[in-house]
J.: 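Input: one structure, supplied below.
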Amino acid sequence: MRLMVSGGGTGGHIYPALAVINELKRQDPDAEVLYVGSHRGIESTIVPDLGIPFEAMTIQGFKRSLSLENFKTVYLFLKSVHQSKKLVRSFKPDVVLGTGGYVSGAVLYAAAKQHVPTVIHEQNSVVGMTNKFLSRYVDKIAINFEDARAQFPADKVVMTGNPRAQEVANIESHFSMTAFDLKDDVPTIMVVGGSQGALKLNKVMVESLPELAKKDYQVVFVTGPKRYDDVMSQVKQMASADNISIQSYINNMPEVLPKLAGVVGRSGATTLAELTALGVPSILIPSPYVTADHQTKNAMSLVNANAALMIKEADLTSQTLVSAMDELMTDDSKRAAMAAAAKKLGKPKAATEMLALLKEVSQS
């Protein structure tokens, strides 16, 4: 099989694509893959570092207000479509997969116009602008949330889940909480605001530490690397607590997650795919800084299934946070029920299902 993949800008677009590539290589070691991303996206370093053939393009998104930059955006898009057509002709893919980001718009449009089989994957409950544009051209549309189904042509939609879930579900973790100077036999909850941390969540956590230090459960507080020093300067006056560990960043999160009793964090699609694949109950604080408030809609899919609690960032205080953590961590039966509900939502075979869809489309 010859697979061309395009997705860029954020981890939410890149990691599902990489999960599909890994599953393809597992099933067919001789398969050929070409990843097309943008020069400025994090995929330009992540993908080549994994030894995956990579082509980069210069592209940017539209400004939502009137701006001369939008003329440049149109020019770069048309230029990228031209480049993409040349790449498609030279690589000769059996099928092209797009996982979101502006670059995938040019690549998938070019492939569809050359009658190459195409599939896009929508991670979120609210459809992104690029995938909305591509939906009229591609052959099939894979979704992760049922809420996205009605936003696409009905005959093209297939529920696969997020391929990232399968990678996490298959990890055999030997992680020990002693790496955080904590105990393995005490229920532990992690508080994390994404890879860079979240300013308000960090502030509220600092305010909450004296109260959390009194709890029977353990807390791992991940600040984000750029905010670690600031947080530590604020907490240095406090007496150290045996049940709290403050970390700047965790680079082996898939190994740590299965050992947690709960997670407090954002509700990006990749995060929720990981939590549901493993059956980890959560307290979700959707980012208010995303398009169409899609993280709130993502979170509600878990809340409505009794798999998570939710606090809006506007309502986030030390009192609301500690209260929610207590609700989750001091009631073993509630936590077990939420874990089971989360697991029920999980798609631990999502990468396999996505690959099956790609093969079906390539042969039709």
J.: Side chain to side chain donor-acceptor pair (under 3.5 Å) with Thr352: which of Arg26, Gln27, Gln166?
T.: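 The single option meeting the side chain to side chain donor-acceptor pair (under 3.5 Å) with Thr352 is Gln166.
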
J.: Any side-chain heavy atom of Leu87 sitting closer than 4.5 Å to one from Met57?
T.: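 The answer is yes; the side chains approach within 4.5 Å.
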
J.: Rounded to the nearest 0.5 Å, what's the gap from OG on Ser267 to NZ on Lys297? Could you check?
T.: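 Result: 11.0 Å between the selected atoms.
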
J.: Are any non-hydrogen side-chain atoms of Val103 and Ser80 less than 4.5 angstrom apart?
T.: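 Counting from C-beta outward, Val103 and Ser80 never come under 4.5 Å.
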
J.: Just so I know, are the side chains of Val95 and Leu3 near enough to count as touching, which here means a heavy-atom distance under 4.5 Å?
T.: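 Yes; the side chains approach each other to less than 4.5 Å.
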
J.: Report the C-alpha separation of Leu284 and Gln295 in whole Å, then their side-chain angles, then the decisive distance to 0.1 Å, and conclude whether the side chain to side chain contact (heavy atoms under 4.5 Å, CB included) test is met.
T.: CA-CA 9 Å; Leu284 301 174; Gln295 283 205 6; over 6 Å; no

J.: I would like to know whether Tyr217 and Asn243 meet side chain to side chain contact (heavy atoms under 4.5 Å, CB included); could you show each step before the answer?
T.: CA-CA 7 Å; Tyr217 53 85; Asn243 69 324; 5.7 Å; no

J.: Do the side chains of Leu212 and Met205 get nearer than 4.5 Å, heavy atoms only?
T.: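 Yes, close enough: below the 4.5 Å cut-off.
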
J.: With Ser125, which of Asn298, Asp147, Thr296 fulfils side chain to side chain donor-acceptor pair (under 3.5 Å)?
T.: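 Output: one option passes, namely Asn298.
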
J.: Among Lys347, Arg266, Arg164, whose salt bridge (charged side-chain N to carboxylate O under 4.0 Å, His left out) with Glu274 holds?
T.: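 Among Lys347, Arg266, Arg164, the one meeting salt bridge (charged side-chain N to carboxylate O under 4.0 Å, His left out) with Glu274 is Arg164.
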
J.: Could you walk me through whether Ser6 and Ser104 pass the side chain to side chain donor-acceptor pair (under 3.5 Å) test, one step at a time?
T.: CA-CA 5 Å; Ser6 183; Ser104 71; 5.1 Å; no

J.: Given the side-chain rings of Phe133 and Tyr109, with only the six-membered ring counted for Trp, is the space between their centroids under 6.0 Å?
T.: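 Distance test on ring centres: under 6.0 Å, yes.
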
J.: When you compare the side chain of His121 with that of Val20, does any pair of heavy atoms fall below 4.5 Å?
T.: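 The answer is no; the side chains never approach within 4.5 Å.
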
J.: Taking the side chain from Arg2 and the backbone from Phe91, do they hold a donor-acceptor pair closer than 3.5 Å?
T.: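 Side chain of Arg2 to backbone of Phe91, a donor-acceptor pair under 3.5 Å: yes, one is there.
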
J.: Let me confirm one number: the NZ-CZ distance from Lys140 to Phe152, rounded to the nearest 0.5 Å.
T.: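 Reported value, rounded in 0.5 Å steps: 13.5 Å.
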
J.: By the definition side-chain contact (heavy atoms from CB on, under 4.5 Å), identify the one residue from Leu182, Thr188, Ile189 that meets it with Val219.
T.: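 Only match with Val219 under side-chain contact (heavy atoms from CB on, under 4.5 Å): Ile189.
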
J.: Is any side-chain heavy atom of Val206 closer than 4.5 Å to one of Met232?
T.: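 Met232 does not reach Val206 side chain to side chain.
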
J.: Testing the 3.5 Å rule here: is there a donor-acceptor pair between the side chains of Tyr15 and Gln123?
T.: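 There is no such pair between these side chains.
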
J.: Checking side chain to side chain contact (heavy atoms under 4.5 Å, CB included) for the pair Ser173/Lys259: CA distance, chi angles, key distance, verdict?
T.: CA-CA 8 Å; Ser173 177; Lys259 304 298 184 178; 3.5 Å; yes

J.: Please step through side chain to side chain donor-acceptor pair (under 3.5 Å) for the pair Ser245 and Gln218, ending with a clear verdict.
T.: CA-CA 8 Å; Ser245 176; Gln218 297 179 142; over 6 Å; no

J.: Thinking salt bridges, do Lys183 and Asp242 make one under a 4.0 Å N-O criterion?
T.: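 So Lys183 does not pair with Asp242 through a salt bridge.
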
J.: Is there a donor in the side chain of Thr223 and an acceptor in the side chain of Asn202, or the other way round, less than 3.5 Å apart?
T.: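 Absent: no donor and acceptor within the cut-off.
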
J.: Phe145 vs Met300, test: side chain to side chain contact (heavy atoms under 4.5 Å, CB included). Steps then yes/no.
T.: CA-CA 11 Å; Phe145 290 99; Met300 287 306 300; over 6 Å; no

